[in-house]
Amino acid sequence: MIDIQLLRRNPQDVAKRLATRGPGAFDVSQFERFESTRKELQAAVQQAQASRNRIAKDIGQAKARGQDVAELMQQGEKLKSLLEQSEAQLEKLQSGFQDLLERIPNIPHESVPVGASSEDNPEQRRWGEPRKFDFAPKDHVDVGTELSGLDFETAAKIAGSRFVVMKGEVARLHRALAQFMLDVHTREHGYTETYVPYMVSGACANGVSSLSKFREDLFKIEGRDLYLIPTAEYPVTNFVRDEIIALEKLPLKYVCHSPCFRSEAGSAGKDTRGMIRNHQFDKVELVQMVHPARSYAALEELTGHAESILKRLELPYRVVTLCTGDMGFSSAKTYDIEVWLPSQNTYREISSCSNFEAFQARRMQARYRAENGKPDLVHTLNGSGLAVGRTLVAILENYQEADGSVSVPGALRGYMGGRERLTPP
RNA sequence: GGAGAGAUGGCAGAGUGGUCGAAUGCGGCAGACUCGAAAUCUGUUGUACGGUUUACCGUACCGGGGGUUCGAAUCCCUCUCUCUCCGCCA
């Protein structure tokens, strides 16, 4: 949620910065209409409440002295019906205002390039050389199927499209990847490993993004206030919900391996082949809660942590900065890491690392006790470190050989019983 | 699944219809004592919002939501969660 104080102080300025995200991000005149009615109504209601409190107190004191209170009681009664009306009015106005507020996206950081779409995302850096194949490289579906490791027909039979069944050494490689990522992040980057619920309440979902805006993307448990998590960011970020963290405890750094469930309602027909965009996939997620002054340094570090996995797996990648028009709703700044996929002859997203500043913390009331002793909102960050399914895709494609075998990256061999190569049966 | 108990400020814990935003203790902060520290003593210390702006005034908040009442932390309904006992179970 955006800072209401900032909005009140400087609506034009906020509107200007939000406009870089694209049309319709924020309507100033609607906001100002809301504000003037709200001010008037709120002042009136509070004044009436003050009189009610005064009268109630007077009655108490008069009674204690044994005086007659009939007159005062009558005054109170009159005020009560009046109050009920204006209170209801104010409540309605404020819930409408809250709804408006929750639909306003985060203000992009000043360093974020202005642009309209992913075409305008500037590349920050590249690492590794895409391999030159002396045969026509297959895509992960063909490679995995030939290894008898990926089975989309069986998955479709069980659950429909956009699911995968993994078997044998490919399933093991998938597990090895998650273990490897967890080990690197806990041992070398200082993250605490966590295991979390794969469902969260509506309130938690709303703290992380905006439920009124993203309900469609989530799988809901029928008849319960529970949603399957689309990323471990949901449960983990909510660790600090309604908490005041001691200054010296910051930064909090958590890593979590979990399945992720997404309805992919808006992406019909996109990436339908294979396991690039499935309803269920595994991800190792990095989450940090940090001091506001350190959040941009933390974003660079966190992105580096995700990159280090690709470097050790020797997978070529590049890092782009998302432009204002391509950035997610809650983010102030996002780097995407894209891995090279030979079959598509392009780089595809494998991690997204964002600084949300206080946007999530405000809604969650996630705070720390600042140097002056006062509670202040923390900044939250997260990033994939990495998407496990897509990393498996990248390995199958980049490490494939002409004979249909796939070599195991050196970093993973310890997790694969020393195995160096997966071969078709 | 059954029975019972409970949820109050950073923490512990009083408060069962009227100067209660809330005793007391711990913790935090400031001061006194001290060369300094500890101990001791004194004072102070919730959050959000609105109005005014160094001060100040007002409103809301005692697990969530609803109700009764002139007035609710306190009474009623409901939901959630925690604990204890019993049963069942990977």
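The structure displayed is predicted, hence computed values, not measured ones.
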Side chain to side chain donor-acceptor pair (under 3.5 Å) between A:K138 and A:S343, intermediate numbers included:
CA-CA 6 Å; A:K138 298 186 279 263; A:S343 72; over 6 Å; no
Rounding to the closest angstrom, what is the interatomic distance between [N] and [M] at atom [atom1]?
{"N": "B:C81", "M": "B:C26", "atom1": "C1'", "value": "26 Å"}
{"N": "B:A23", "M": "B:A14", "atom1": "C1'", "value": "6 Å"}
{"N": "B:A60", "M": "B:U74", "atom1": "P", "value": "15 Å"}
{"N": "B:G63", "M": "B:G9", "atom1": "P", "value": "8 Å"}
{"N": "B:A22", "M": "B:G27", "atom1": "P", "value": "23 Å"}
{"N": "B:A72", "M": "B:G87", "atom1": "P", "value": "46 Å"}
{"N": "B:C70", "M": "B:A30", "atom1": "P", "value": "49 Å"}
{"N": "B:U47", "M": "B:C29", "atom1": "P", "value": "16 Å"}

Closest nucleotide among [options] to the [X] side chain:
{"X": "A:Q42", "options": "B:G10, B:C49, B:C70", "result": "B:C49"}
{"X": "A:P375", "options": "B:G66, B:A60, B:U47", "result": "B:U47"}
{"X": "A:K80", "options": "B:U69, B:A60, B:C49", "result": "B:U69"}

Would you please indicate if the ring centroids of [X] and [Y] are separated by under 6.0 Å?
{"X": "A:F356", "Y": "A:H379", "result": "no"}
{"X": "A:F329", "Y": "A:F359", "result": "yes"}
{"X": "A:F97", "Y": "A:F34", "result": "yes"}

Should [X] and [Y] count as an ion pair when the cut-off is N to O under 4.0 Å?
{"X": "A:E188", "Y": "A:R312", "result": "yes"}
{"X": "A:D326", "Y": "A:R21", "result": "no"}
{"X": "A:K283", "Y": "A:E285", "result": "yes"}

Hey, which of these two, A:S51 or A:L72, hits RNA chain B nearer its 5' end, going by closest nucleotide?
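Its nearest nucleotide lies further toward 5', so the answer is A:S51.
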Starting from the 5' end of RNA chain B, give me the residue, A:R52 or A:E84, whose nearest nucleotide shows up first.
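Mapping each residue to its closest nucleotide by heavy atoms, the 5'-most match is A:R52.
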Please assess A:Y296 against A:E301 for the test side chain to side chain donor-acceptor pair (under 3.5 Å), listing each intermediate value before the final yes or no.
CA-CA 9 Å; A:Y296 279 93; A:E301 287 165 19; over 6 Å; no
Within the structure shown, what part of the strands sits under 4.0 Å from [X] by heavy-atom distance: base, sugar-phosphate, or nothing?
{"X": "A:Q94", "result": "nothing"}
{"X": "A:A43", "result": "nothing"}
{"X": "A:K78", "result": "nothing"}
{"X": "A:R362", "result": "nothing"}

In dot-bracket, 5' to 3', how would RNA chain B read with Watson-Crick or G-U wobble pairs under 3.5 Å, [ ] for crossing ones and | for pairs to another strand?
((((((((.[[[..)..(.....]]]((((((.......))))))((((((....)))))).[[[[[..)....]]]]])))))))....
A:L226 CG to A:C204 SG distance, which is reported to the nearest 0.5 Å
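Output value for this atom pair is 10.0 Å.
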Measure [atom1]/[X] against [atom2]/[N] and give the value in whole Å, please.
{"X": "A:E87", "N": "B:G71", "atom1": "CD", "atom2": "C1'", "value": "13 Å"}
{"X": "A:D242", "N": "B:A48", "atom1": "CG", "atom2": "C1'", "value": "13 Å"}
{"X": "A:L90", "N": "B:A60", "atom1": "CG", "atom2": "C1'", "value": "11 Å"}
{"X": "A:E91", "N": "B:U59", "atom1": "CD", "atom2": "C1'", "value": "14 Å"}
{"X": "A:D376", "N": "B:U47", "atom1": "CG", "atom2": "C1'", "value": "14 Å"}
{"X": "A:Q365", "N": "B:G64", "atom1": "CD", "atom2": "P", "value": "14 Å"}
{"X": "A:R363", "N": "B:A48", "atom1": "CZ", "atom2": "C1'", "value": "16 Å"}
{"X": "A:Q98", "N": "B:A60", "atom1": "CD", "atom2": "P", "value": "19 Å"}

Going by the angle between their ring planes, with limits at 30° and 60°, are A:Y191 and A:H189 parallel, tilted or perpendicular?
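The arrangement is perpendicular - the two ring planes meet at more than 60°.
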Parallel, tilted or perpendicular: rings of A:H279 and A:F163 (30°, 60°)
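Because their plane-to-plane angle lies in the 30° to 60° range, the rings of A:F163 and A:H279 count as tilted.
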Taking all non-hydrogen atoms of both residues into account, name the closest pair between A:A15 and A:V28 and its distance.
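So the minimum-distance heavy-atom pair works out to CB-CG2, 3.2 Å.
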Listed pairs, N/O of protein and of nucleotides 16-19 of chain B, under 3.5 Å:
| residue | atom | partner | partner atom | Å |
| --- | --- | --- | --- | --- |
| B:G18 | O6 | A:K63 | NZ | 2.5 |
| B:G18 | N2 | A:A56 | O | 2.8 |

Give a yes/no answer on whether the side chain of [X] brings an N or O atom under 4.0 Å of OP1 or OP2 in [N].
{"X": "A:Q5", "N": "B:C49", "value": "yes"}
{"X": "A:N53", "N": "B:G58", "value": "no"}
{"X": "A:R369", "N": "B:G46", "value": "no"}

